Protein chains: 2
Amino acid sequence: MSRLLRRRAIELSDSGHALAKRMAALGYRVTQPRLAVLDAATALSASFTAAELEHWLVTQQRSPGTASIFRTLKLLVEAGMLERIHGVDECHRYTLSAGHGHRVVCLECGALANFEQCALDGLVASLEQATGYRISQHLLEFFGRCPACQRGGVAA
Amino acid sequence: MSRLLRRRAIELSDSGHALAKRMAALGYRVTQPRLAVLDAATALSASFTAAELEHWLVTQQRSPGTASIFRTLKLLVEAGMLERIHGVDECHRYTLSAGHGHRVVCLECGALANFEQCALDGLVASLEQATGYRISQHLLEFFGRCPACQRGGVAA
DNA sequence: CTCAGTGCAAAAAGTTTGCATGGAA
DNA sequence: TTCCATGCAAACTTTTTGCACTGAG
């Protein structure tokens with residue numbers, strides 16, 4: 001591929017992607033499928049499943065196929081650019097990584113709000129004392145209805 | 001089935017099962033597969049996946065088959081006798097329900113410690129104010145090493 | 001140029017369902 | 001005796017893998 005073409009290929013999907021630069025900085029090759037998945041993750045904005053992401057890419061006629069999507073999702077999670085999140089009954093959802101923090105997830109539309117504060121330190125300490133466990137990780141997520149869905153008025 | 005046989009069938013698995021009585025009280029039929037799953041859940045004691053539970057039942061030569069196991073697990077969760085729990089990377093684990101509360105899960109052996117206190121009320125209130133979300137549920141789980149595994153000395 | 005990454009298709013998990021039979025109440 | 005629950009097998013969904021080919025660096 002000529003220098004010119006390569007440059008065009010990258011610009012094609014480079015709409016706003018500091019993300020792509022970050023991938024390159026981490027030593028990952030910046031390829032079309034990876035850019036497509038990052039675009040999709042950005043466009044979907046809230047949380048999404050692999051299937052939802054694939055559907056979006058198909059409608060955009062940019063889907064690299066299921067296998068590549070799964071491989072890319074796994075890679076991006078390892079790279080820290082996406083996070084896997086858990087629902088009450090649903091697992092295997094993803095969201096663009098937003099620094100460290102936890103989330104409030106809308107049960108109706110999947111919208112997310114992030115927050116930094118994690119007032120668990122005290123609880124962790126007292127639990128370690130009470131149980132004898134050495135606690136190294138935690139999972140904390142909140143669920144409810146986002147402001148828009150509350151206005152929307154559909155009964156929960 | 002004669003009265004005598006029925007009685008024996010129930011005694012077979014009635015080893016310590018207030019659980020079976022609870023099922024009956026809830027209006028569920030107390031059947032061999034359900035007793036077997038309850039026994040397995042009790043024996044496995046910590047958290048377990050459907051596959052682990054089936055494996056235990058197979059080794060005991062009491063497995064009612066995959067389909068019945070899944071149906072029974074779903075039923076027992078609905079009945080509130082089992083809970084679905086989430087791991088960091090693993091979902092679809094189950095544990096015997098221990099009242100309301102949250103858990104500390106050992107990352108090495110899967111042992112659980114339950115605790116009642118859930119100091120999130122304040123956090124929920126301030127998050128509702130900060131985000132505009134109406135929060136109705138939360139997911140909170142801790143992970144680490146249990147006392148036995150710490151003594152066991154395998155590096156984390 | 002070279003090797004990491006891709007895309008297809010096929011396979012492997014994991015989970016659910018249809019239907020005739022069996023057993024709890 | 002009645003109907004709920006079971007057990008098998010087959011279907012389905014979701015995710016992973018093998019392999020020849022392609023394109024990013």
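None of these values were measured; they are calculated from a predicted model. Chain identifiers are assigned alphabetically (A, B, ...) following the order of the sequence lines, protein sequences preceding nucleic acid strands; residue numbering begins at 1 within each chain.
At whole-Å resolution of the value, CG in B/Leu53 and P in C/dG14 are 14 Å apart. In this structure, CD of B/Glu54 is placed 13 Å from C1' of D/dC8, rounded to the nearest angstrom. Atom C1' of nucleotide C/dG5 and atom CG of A/Leu73 are separated by 15 Å, given to the nearest angstrom. With rounding to whole Å, B/Arg34 atom CZ is found 15 Å from C/dG23 atom P.
For the residue pair A/Thr49 / A/Arg93, no side-chain donor-acceptor distance below 3.5 Å is found, with atom types taken as modelled. Inspection of the A/Glu83 and A/Ser97 side chains reveals an N or O donor paired with an N or O acceptor under 3.5 Å.
Proximity of B/Arg29 to the phosphate of D/dC3: no side-chain N or O atom is located under 4.0 Å from OP1 or OP2.
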Determine, for nucleotides 11-18 of chain D in 5'-to-3' order, which nucleotides have protein heavy atoms under 4.0 Å from the base (write B), from only the sugar-phosphate (write S), or from neither (write -). ----BBBB
Pull out every protein N or O sitting under 3.5 Å from an N or O of nucleotides 11-13 of chain C, one pair per line with the distance.
none

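Comparing the axis of the opening five pairs of the helix from C/dC1-D/dG25 to C/dA25-D/dT1 with that of the closing five pairs yields an angle of 40°, rounded to 10°.
Ring orientation note: the planes of A/His86 and B/His86 are nearly perpendicular, at an angle over 60° on the 30°/60° scale.
Nearest heavy-atom pair, B/Leu26 versus B/Ala79, reported as atom, atom and distance to 0.1 Å: CD1-O, 3.9 Å.
Shown are B/Val37, B/Leu82, B/Thr31; of these, the side-chain contact (heavy atoms from CB on, under 4.5 Å) with B/Thr72 is made only by B/Val37.
For A/His138 and A/His102, the distance between ring centers is under 6.0 angstrom.
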